[in-house]
Each structure stands twice: as C-alpha cells, then as structure tokens.
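The next block holds one structure in the form of structure tokens; read it before the comments.
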Amino acid sequence: MSEKKPFYLTTPIFYPNAKLHLGHAYTTTISDTLVRYRRLMGQETYFLTGSDENTQKMVDAARKVGEDPIAFLDDIVSTFKGLYAELGISYDQFIRTTDQQAHWPGAQLLWKKLVDAGDIYKKEYEGLYCVGHEAFVTEKDLVDGKCPDHATAPEKIKEENYFFKLSRYADTLKEKIASGALKIIPETRRNEILSFISSGLEDVSFSRPRKTDWPPGLGIPVPGDDSQVMYVWCDALSNYVTALGYGRDDALYQKFWPGIHVLGKDILRFHAAIWPAMLLSAKLPLPAMLLVHGFVTSGGKKMSKTLGNVIDPEELLAEYGVDALRYYLTRHINPFEDGDITREHFKEIYNANLANGLGNLVARIMKLAEDHLEGGTKPESADFSKNYTDAFERFEINHAIDEAFRHVQLLDQKITATEPFKLVKSDPEAGKKLIFDLTRELLGIGQMLEPFMPETSKKIKEAVITDKKPTTLFPRKE
Ligand code: ME8
C-alpha cells in the first residue's frame, strides 16, 4: 500500500449487551496503534468503531435488569465510549446500528442492490436458534441439547425469512482470496477460510420476522416488507460502508473505501465469506484486507465468568495506567496467535520493562540533562528505523514495539559503557555532548512509542525538549 493513500481501518462493532472486556480492549488497542502509526507517517486516516445493537441478546439483557432496551443501549454504549477514552482510542466515528440517520439508509440501499442482483429470495425456514450466538446452530453444535458456549438450549424456530444466495459466490470468493485481491492476514487464517469455502457455501438467512416485543427503534425494516427486519449480515456488516455515508452523502466513502477490517478469529467466516459476497453482489469494491487476530486468554484459558478468570480492563487501567496496559497488549501478545495475560505476569513485566527498563532510562538521562544541559529546543529526529517501519508494514506490531525497546536496551548499554556521570566531570565539553546525544536518542524512542504509548511518548518528548526530568513514569509495584 502506498504511503500517502488514505487509510481506513475498522474494528468489529461489539455487542452492547454487557460491558467490554479485555478481549475487546485488545482489538481496539491494536487497531488504534495501527492507525496512530499511519498518522505518524503523514497518511490521512479514518478510524471506525461502533456497536451492534439490533439483537435479541441485547433485548434479553435489558429485560433481565428491568430496563427499556433503548435506555439500556445508551447506558452500555456510554461505558464503551468511557473505556475508549481511558484507553486513548483515537477513533473518528462511533457507529451505532440503531442510528436511523447514519446507518439505516445505507443498509437498506445495500439490501436493494442485492435484490436487484437477483440474490434475495424468500423461503420457509426451520432451525435451532442460539440467542447467545445470534445465529442458527445445528444439532451437532450442541452438547446435551445445549449450546456449549452459552449453556442454554437453542430455540426451535419455524419462520419465513429472506435468504441471500451466498452459494453463488463461492468460486469468485475463492479466486479473490487466493489471488490476494482480498488479502487475509495471517496466512494460516487465509488457508483456513479457503478450505472452508472449498467445502461449499450454503445460502444464508438474511431477515427475521419483526418481533412484537421489540421497540420500533430496533431492527432495520426490510425494504418493501415491514413485517421483516434485517438479520445480522446486512444489518451489521454494512456498518463499514454506511459509516462512510454510503446511501446518503458518500464523500467519505469515495475517499476511504475500501478499508482494512481488524477482527478476532471468531468472526472470520462472516467477514471473509458473507461480507465480500454481499459486496460482489452489490458490485462494490471488496475490503482491502482482513487482519485476523487470536484470542486473549488468561492462565491459558479463554476468559469466562464461570472460570472466574475474566480480567476487567478498568482494573488494570486503575492500577497501572493506560500506557502500561497498551504496552502489554501490543508487545506481549502476538497479534496472530492466542496470547495470555494474568495479573502476576502483568506485574512482573511492568516492573521489569516499564518501571526498571524504560522508566529508569528516562529518569537517568533526564537527570543528567537537567543537571548539565542549558535547555532549549532540540530538533525532532524524524527517522524511524527500517526494522520498525517494516514490522508495521507487515502488521507485526509486537515486533515494531520490540524495536523501540531494543533501543532502550542499547541506550542503557551505551550509558554503562560511556559513563557520562564521570565524563561530564573530567571533560565537561565531551560530557555535555554525550548527554545531548543521549537525549536525542531518547527522543527517537519517544517518537517510536507514539502509536503504542501516546502519553509516555508525549512526556518523553516534552522532557527532552525542555531538558527537565519528568515525574516518575512508571512507579514500581510491590
Ligand atoms: O461478534 N480475545 O461482537 P462481540 C480477543 N457484534 N478478542 C476478543 C476476545 C478475546 N478473548 N473476545 C472478544 C460480535 N474479542 C459482532 C461483530 S462485526 C460487523 C459484528 C473481540 O461483542 C474480537 O475482536 O461478540 C472478536 O472478533 C469480537 O470481540 C467479538 O465481539
């Protein structure tokens, strides 16, 4: 991708039936890091996130606490936004699928395009519906008659639905993915989806009869048939283009589409099969890329309330601060595999790499600068090492931050080898020059850290520019 092309990146729109957990915080943080890097490189960016609201799951959650579904949604969405503010997520837009101005016209236009292509038909459907998954499941997905993920028995449903002719697009999709016209990173996920598509694609249910207990603001009416509402695919996946104004004022769409979708491995099939098939049917460009990350686990297990190993991002934010959390998520979890987090490991890493490593280095260099340099503005060092930019080009953000921390280590070694504390006494001129050089190198680290740890980056840059030691960046935790 050329450097100056506008860069559009999306996260999944999360279900607002409960507060976000660390897995969601992971997706959003790595997405934010990728966007911040592009901004740093001078590229024009647009960063979209949002919430997936027209769901039974959400209505049930609201009822459970005796709240009106719409008021419930507003509450949960404000907790999403609160968490994003604390995490420093620099999104440009937060799209809500209940937004009748921003979202519904585009979703309905897309539906009509699929109708025009002859890809929507009506059919009686009988199946087992798991509300937790918001999806139809089959007998073989069940254990003792229950969905193993949600420990609930699915509802038996017989109804008339509109279907989308997904089957028609299997060959084209395979060709687009195999040829790289639709890039899927990493390769293992690309192969996984190619073999899934090779085994054939069935048409998918695209609407549900409107439920009488849903308030009118919920569920996008199917164009020309108010008795039906869109089911997740056209309702939710379409957010990636409606947010850009598709179906209303599409200046942003013209500028930014196609974009990159960041998502977890659990929703790969929807994004690599159903969504591109919809776009093919509507004769719209395919997404540029799907970046598929693994799961964040705790103690080797998927976080779950039953296991009691769920870590609330708010807890880590309160104890360690935003940049420590962003540091852990971007460096210590490989974006393309499952990665683990426990409170114990977090603290160990925090003390070793932030309190001691980076925090200590900044304190040492800036103490020298405060004592021996006169102050004054230093030119920004604009060069980023090739290791760093290459890692970002490959979306290996953990390796890009490794590169910043490799420089922390190099700088530590340089101080040990050159002993500026002594040199500045024996040869003040040479000592000052050395300290100045150290601050310049520290500035380079501060710049490299911007996409990962924006507050720390800012503090380092300010310290270097003013030659003042900042307050302790990462107090040691006992
Ligand atoms: O699937 N580790 O919403 P959702 C890492 N609304 N990421 C995790 C995670 C974990 N343990 N758990 C969740 C939906 N995620 C739909 C999406 S998009 C048009 C519709 C992240 O609230 C990851 O990004 O269940 C995963 O794909 C997403 O949350 C699922 O969020």
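Ligands are counted one by one from 1 in listed order, and the atoms in each one are counted from 1 as well.
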Write none if no such pair exists; otherwise list each N/O atom of ligand 1 with its protein N/O partner under 3.5 Å and the distance.
residue: ligand 1; atom: 2 (N); partner: Val296; partner atom: N; Å: 2.8
residue: ligand 1; atom: 6 (N); partner: Ile13; partner atom: O; Å: 2.8
residue: ligand 1; atom: 6 (N); partner: Asp52; partner atom: OD2; Å: 2.7
residue: ligand 1; atom: 7 (N); partner: Gly23; partner atom: O; Å: 3.2
residue: ligand 1; atom: 11 (N); partner: Val296; partner atom: O; Å: 3.2
residue: ligand 1; atom: 22 (O); partner: Tyr15; partner atom: N; Å: 2.9
residue: ligand 1; atom: 22 (O); partner: His24; partner atom: NE2; Å: 3.4
residue: ligand 1; atom: 24 (O); partner: Thr27; partner atom: OG1; Å: 2.7
residue: ligand 1; atom: 24 (O); partner: Gly264; partner atom: N; Å: 3.4
residue: ligand 1; atom: 27 (O); partner: Gly264; partner atom: N; Å: 3.0
residue: ligand 1; atom: 27 (O); partner: Asp266; partner atom: OD1; Å: 2.7

N/O donor to acceptor pairs below 3.5 angstrom from side-chain atoms of residues 270-294, sequence neighbours left out:
residue: His271; atom: ND1; partner: Ile267; partner atom: O; Å: 2.9
residue: His271; atom: NE2; partner: Tyr240; partner atom: OH; Å: 2.7
residue: Trp275; atom: NE1; partner: His261; partner atom: NE2; Å: 3.1
residue: Ser281; atom: OG; partner: Asp119; partner atom: OD2; Å: 2.6
residue: His293; atom: NE2; partner: Thr27; partner atom: OG1; Å: 2.9

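Contacts classified as salt bridge (charged side-chain N to carboxylate O under 4.0 Å, His left out) and involving residues 216-227 (residues at least two apart or in different chains) are given here: Lys122-Asp225.
Taking the six-membered ring wherever Trp is involved, the centroid distance between the rings of Tyr327 and Phe405 falls below 6.0 Å. Tyr328 and His345 have their aromatic ring centers within a separation under 6.0 angstrom.
Qualifying side chain to side chain contact (heavy atoms under 4.5 Å, CB included) partners for Asp75, counting only residues two or more places apart in sequence or in other chains: Glu67.
Within a 6.0 Å sphere centred on CD of Gln100, other residues, nucleotides and ligands contribute more than 12 heavy atoms.
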